Every structure is written in C-alpha cells, then in structure tokens.
Amino acid sequence: MPYTVAVSFDKFYENINLSGNHRDTANRRRDDIVTTLENKFDILDAFATGSIPRYTALKKHADLDVIVVLHYSKHTKGKLPSEVLQSIRDHLAQHKTNVRKNGQAVTLYYKTWPNVDIVPVSRLVDDNGKVTGYEIPDMNNEEWIKSKPKQHTSNLTSQASTCGTAFRQIITMVKWWNHQHSNYLQSYHIEVMAMKAFFGQLSDMSWDIFKFFDEASELIQSPLWYEGAFVDDYLTYTSRQEAQKRLKTARDKASDAWYKTYDANSDHESAIAIWRQIFGGKFPAYG
C-alpha cells in the first residue's frame, strides 16, 4: 500500500488504465467490422479513433470508435444521417445494435468488452483532392458535422511529446473523475481541454491535476472552439453549470491536497484521503 502521494498516483493509473492486451481485442473487432461491412458498402478507408488508439482510455469503460469512410456518391449523397445510420444497422441485423445517444454512430454490442461504435462518414477534399476532414452524421439534428479525427490524434500526440508521459495519464485520470461524477463531459472534450491547459513539460502530478481542474473550470464557462467546430455544443445550460460546479469542487480539493503534501508537515496521509474524495475508491488508500 502507498505511503506517498506520488506512489498513490502510480497505483491509481494502473487501476484505471487500459492495458495493451485489451487494445489487441479492440483492434481485432475493428477489422471484423470492416470485413462485414465491405460485403455491402464501398469503403474507401477505415480506422480506429477515440480514446483507445489515443492511449487515454479507461479500463472496461471505453468503447471502440471505428470511422468507416463511405463512397460519397454511392452511400451518402443526398441522404439524411438517419438513413445512412439505418443502412448500417440493417446490414448488421443479425447482431444486437443501437444508435448511440448522440446520434452519430451505430453501436454493435458484444457479450464482452469492448462494444464498437461504427461512425459512417464521407470525405471532405480540397481543390487538389487532398482529404481535409470528414462529415459525420448527426441523426438528432439531421445534419452532417465537419470533423477532423486524424488531426486531433496528431495534435494530441504532439502535445504528449511536449508535455511528457504525465499528459495522457492526467487525461485518463480526469476521464475517471468524470465517470465518477455523472459523466457531464464527453471524452473528446476532456482531451481538448487538456491541450488548452498544458503547454510545457509536466513534472508534479498533484500540481498538474490541480492545474487541469483550475483551467477547465474557466474553459467550461463559454463555448470552446477547436479545429473548426465547437467541442462542447452538446452541453445544455444546465449541464454546463453542473459540470462547472463539479470542476470547481475538484479544483478546490486538489488545491488542498497539494498543500497538504508540500507544506511544512508534508502530510501525505491527509493528502491521499483528499485525492480519494476526488477520484473515488480506485485511488488507493494510505498505508
């Protein structure tokens, strides 16, 4: 059992982080999905996206997102997002499926983790034929949303290189905090806020997590623009206020925990108790 805050964070990350063997399972399911859909759809490209390939996934709590790039004129031209999503569901009729709550994917359910969210998209290209992004379906509003998932992955990888190993670890920890506090924030939104919060090498986990909550409690106050779109337009006024309240509470507790660790008494036991209040039982107890 840990006697210092630093060791506690190491154990906490081990408790919640998705290990490599789980990623292998997720990748096999991605390949199986593509093979199944190729029987009906002209697929130009397919790739995994989301927290699993970006190494910010929670153990047993992150579904696999698979972007399936469909031939525009054959499958998406002139069609509503609901029609395209329904065509994916129809082809998977022998399986248990549903449309994800945000109306942007078809979820294929498995008896064991992970489930797979299939996101059918079409390419956006410039005058030279270069792919600049994708149009993702939004069935709830019956519109196609511009998105740049590959660019976001590249941005996050670059920031992780600048900030160090702790950058992805903090994102994963905050996602666990969010999971424990009503899931007001989407995973993608948390990743973007982390990129806005940090710019240099991270060296003190307890201070850096306080820094995230401090910055995020400010960022949540107004719409957050990133890569040509608002990443938080899923929030209602009420949910935005609730998320901000939880972020401020976490910020204040994290500040108290940091001071407990580094004041003259260096009270790691009390600090660890506060971090357990923030993150819950997956954060190891003192002793």
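We use all heavy atoms of the structure for the numbers below, so side chains are in, but hydrogens, waters and symmetry mates are not. The structure displayed is predicted, hence computed values, not measured ones.
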S.K.: Are I145 and V192 grouped together when hydrophobic residues (ILVMFWY) are joined by side-chain heavy atoms under 4.5 angstrom apart?
M.R.: no
S.K.: When you measure from the side chain of D138 to the backbone N and O of Q104, does any donor-acceptor pair fall under 3.5 Å?
M.R.: no
S.K.: Please determine whether residues I209 and M195 belong to a single hydrophobic cluster, defined as Ile, Leu, Val, Met, Phe, Trp and Tyr linked transitively by side-chain heavy-atom distances below 4.5 Å.
M.R.: yes
S.K.: Does a donor on one side chain and an acceptor on the other come within less than 3.5 Å for E242 and S182?
M.R.: no
S.K.: Are T261 and H268 close enough that some pair of their side-chain heavy atoms sits under 4.5 Å apart?
M.R.: yes
S.K.: Any side-chain donor-acceptor pair under 3.5 Å between Q159 and N155?
M.R.: no
S.K.: At their closest point, which heavy atom of H91 faces which heavy atom of N39, and how far apart are they?
M.R.: NE2-CB, 4.0 Å
S.K.: Can you tell me if T107 and D117 form a side-chain donor-acceptor pair at under 3.5 Å?
M.R.: yes
S.K.: In terms of side-chain heavy atoms, does S206 have a donor or acceptor partner in D204 at a distance below 3.5 Å?
M.R.: yes
S.K.: For side chain to side chain contact (heavy atoms under 4.5 Å, CB included), just list the numbers for S51 and E191, CA-CA rounded to whole Å, side-chain angles, deciding distance to a tenth of an Å, and then say yes or no.
M.R.: CA-CA 9 Å; S51 58; E191 292 177 353; 4.2 Å; yes
S.K.: Taking the cut-offs as 6.0 angstrom to the six-membered ring centre and 45 degrees off its axis, would you call R29 and Y110 a cation-pi pair?
M.R.: yes
S.K.: With side chain to side chain contact (heavy atoms under 4.5 Å, CB included) as the criterion, how do S8 and F283 come out once you've worked through the C-alpha distance, each side chain's angles and the decisive distance to 0.1 Å?
M.R.: CA-CA 7 Å; S8 294; F283 197 93; 3.5 Å; yes
S.K.: Can you find a pair of side-chain heavy atoms, one from P120 and one from L85, that are under 4.5 Å apart?
M.R.: yes
S.K.: Working to the nearest 0.5 angstrom, can you tell me the gap between I190 CD1 and F212 CZ?
M.R.: 6.0 Å
S.K.: Do Q244 and E218 come close enough that some side-chain heavy atom pair is under 4.5 Å?
M.R.: no
S.K.: Is a donor on one side and an acceptor on the other found under 3.5 Å between the side chain of K148 and the backbone of E227?
M.R.: no
S.K.: Okay, side chain of H75, backbone of D42: is any donor-acceptor separation there less than 3.5 Å?
M.R.: yes
S.K.: How about F41 and H71: are their ring centroids closer than 6.0 Å?
M.R.: no
S.K.: Could you tell me which non-hydrogen atom of N140 sits nearest to which non-hydrogen atom of G103, and how far apart they are?
M.R.: ND2-N, 3.7 Å
S.K.: Centre-to-centre under 6.0 Å for H152 and Y226, is that the case here?
M.R.: yes
S.K.: Donor-acceptor check, side chain of R168 to backbone of R54, threshold 3.5 angstrom: yes or no?
M.R.: yes
S.K.: Do F12 and M173 have side-chain heavy atoms sitting under 4.5 Å apart?
M.R.: yes
S.K.: Under the ring-ring contact (aromatic ring centres under 6.0 Å, His included) test, which residues partner Y109, sequence neighbours left out?
M.R.: none
S.K.: Report the relative orientation of the aromatic rings in F198 and F167; use parallel for angles under 30°, tilted for 30 to 60°, perpendicular for over 60°.
M.R.: perpendicular
S.K.: Within a strict 4.5 Å, meaning less than it, do heavy atoms of the I52 and L18 side chains meet?
M.R.: yes
S.K.: Just by modelled atom types, is the L124 backbone N or O under 3.5 Å from a matching donor or acceptor in the T132 side chain?
M.R.: yes
S.K.: Does any donor atom in the side chain of E142 or S82 lie under 3.5 Å from an acceptor atom in the other side chain?
M.R.: yes
S.K.: Are V99 and L80 grouped together when hydrophobic residues (ILVMFWY) are joined by side-chain heavy atoms under 4.5 angstrom apart?
M.R.: no
S.K.: Using the test ring-ring contact (aromatic ring centres under 6.0 Å, His included), find all partners of H179 that sit at least two apart in sequence or belong to another chain.
M.R.: H61, W176
S.K.: With rounding to the nearest 0.5 Å, note down the distance linking CD1 in I274 to CH2 in W258.
M.R.: 13.0 Å
S.K.: Report the C-alpha distance between D65 and R100 in whole Å, list the side-chain angles of each, state the deciding distance to 0.1 Å, and finish with yes or no for salt bridge (charged side-chain N to carboxylate O under 4.0 Å, His left out).
M.R.: CA-CA 11 Å; D65 295 329; R100 195 164 62 184; 3.1 Å; yes
S.K.: Ignoring hydrogens and angles, tell me if any N or O in the side chain of S255 forms a donor-acceptor pair with the backbone of R251 under 3.5 Å.
M.R.: no
S.K.: Rounded to the nearest 0.5 Å, how far does CD of E83 lie from CD of Q86?
M.R.: 10.0 Å
S.K.: Start with the C-alpha distance between V106 and N98, add both sets of side-chain angles, then the distance that settles side chain to side chain contact (heavy atoms under 4.5 Å, CB included), and finish with yes or no.
M.R.: CA-CA 6 Å; V106 173; N98 200 357; over 6 Å; no
S.K.: M139, V116: one ILVMFWY side-chain cluster at the under-4.5 Å cut-off?
M.R.: yes
S.K.: At what distance, to the nearest 0.5 angstrom, does CG of L247 lie from CG of L185?
M.R.: 6.0 Å
S.K.: Hey, quick one: are V66 and V84 part of the same hydrophobic cluster, counting side-chain heavy atoms closer than 4.5 Å, chains of contacts allowed?
M.R.: yes
S.K.: For the OG atom of S122 and the CG atom of L70, what is their distance to the nearest 0.5 Å?
M.R.: 8.0 Å
S.K.: Tell me yes or no: between the side chains of K260 and S270, is some donor less than 3.5 Å from an acceptor?
M.R.: no
S.K.: Side chains of T97 and R89, heavy atoms from C-beta outward: is any pair under 4.5 Å?
M.R.: yes
S.K.: Is any side-chain heavy atom of Y13 less than 4.5 Å from a side-chain heavy atom of T172?
M.R.: yes
S.K.: Just do the ring-ring contact (aromatic ring centres under 6.0 Å, His included) check on F230 and W225 with the steps written out, would you?
M.R.: CA-CA 4 Å; F230 290 109; W225 184 259; 4.8 Å; yes
S.K.: Can you give me the closest heavy-atom contact between A194 and I171, atom names plus distance?
M.R.: CB-CG1, 3.6 Å
S.K.: Answer yes or no: is there an ion pair linking E135 with R123, defined by an N-O contact shorter than 4.0 Å?
M.R.: no
S.K.: Would you say the side-chain atoms of N141 pair up with the backbone N or O of E143, donor to acceptor, closer than 3.5 Å?
M.R.: no
S.K.: Taking atom OH as the centre, does Y259 end up with more than 12 heavy-atom neighbours from other residues, nucleotides or ligands that are less than 6.0 angstrom away?
M.R.: no
S.K.: Are Y134 and F47 close enough, and set up right, to give a ring-ring contact (aromatic ring centres under 6.0 Å, His included), and what steps lead you there?
M.R.: CA-CA 13 Å; Y134 303 89; F47 55 92; 5.8 Å; yes
S.K.: Going by an N to O cut-off under 4.0 Å, is there a salt bridge joining D45 and K150?
M.R.: yes
S.K.: When you measure from the side chain of T35 to the backbone of D31, do you find a donor-acceptor pair of N or O atoms at a distance under 3.5 Å?
M.R.: yes
S.K.: Mind listing the closest non-hydrogen atom pair of I220 and H189 along with its distance?
M.R.: CD1-CE1, 3.8 Å
S.K.: Does a side chain donor of either T236 or S239 reach within less than 3.5 Å of an acceptor in the other side chain?
M.R.: yes
S.K.: Please say which of F279, F213, Y184 ends up in a ring pair (Phe, Tyr, Trp, His ring centres under 6.0 Å) with W177.
M.R.: F213
S.K.: Measure across V119 and P137 and return the closest heavy-atom pair with its distance rounded to 0.1 Å.
M.R.: CG1-CD, 4.3 Å
S.K.: For residues R276 and G281, report the shortest heavy-atom separation together with the two atoms involved.
M.R.: NH1-O, 3.7 Å
S.K.: Side chain to side chain contact (heavy atoms under 4.5 Å, CB included) between L202 and C163: does it pass, once the steps are laid out?
M.R.: CA-CA 5 Å; L202 306 180; C163 295; 4.0 Å; yes
S.K.: Kindly check if the number of other-residue, nucleotide or ligand heavy atoms within 6.0 Å of OH (Y237) is above 12?
M.R.: no
S.K.: Any non-hydrogen side-chain atom of D232 less than 4.5 Å from a side-chain atom of L235?
M.R.: yes
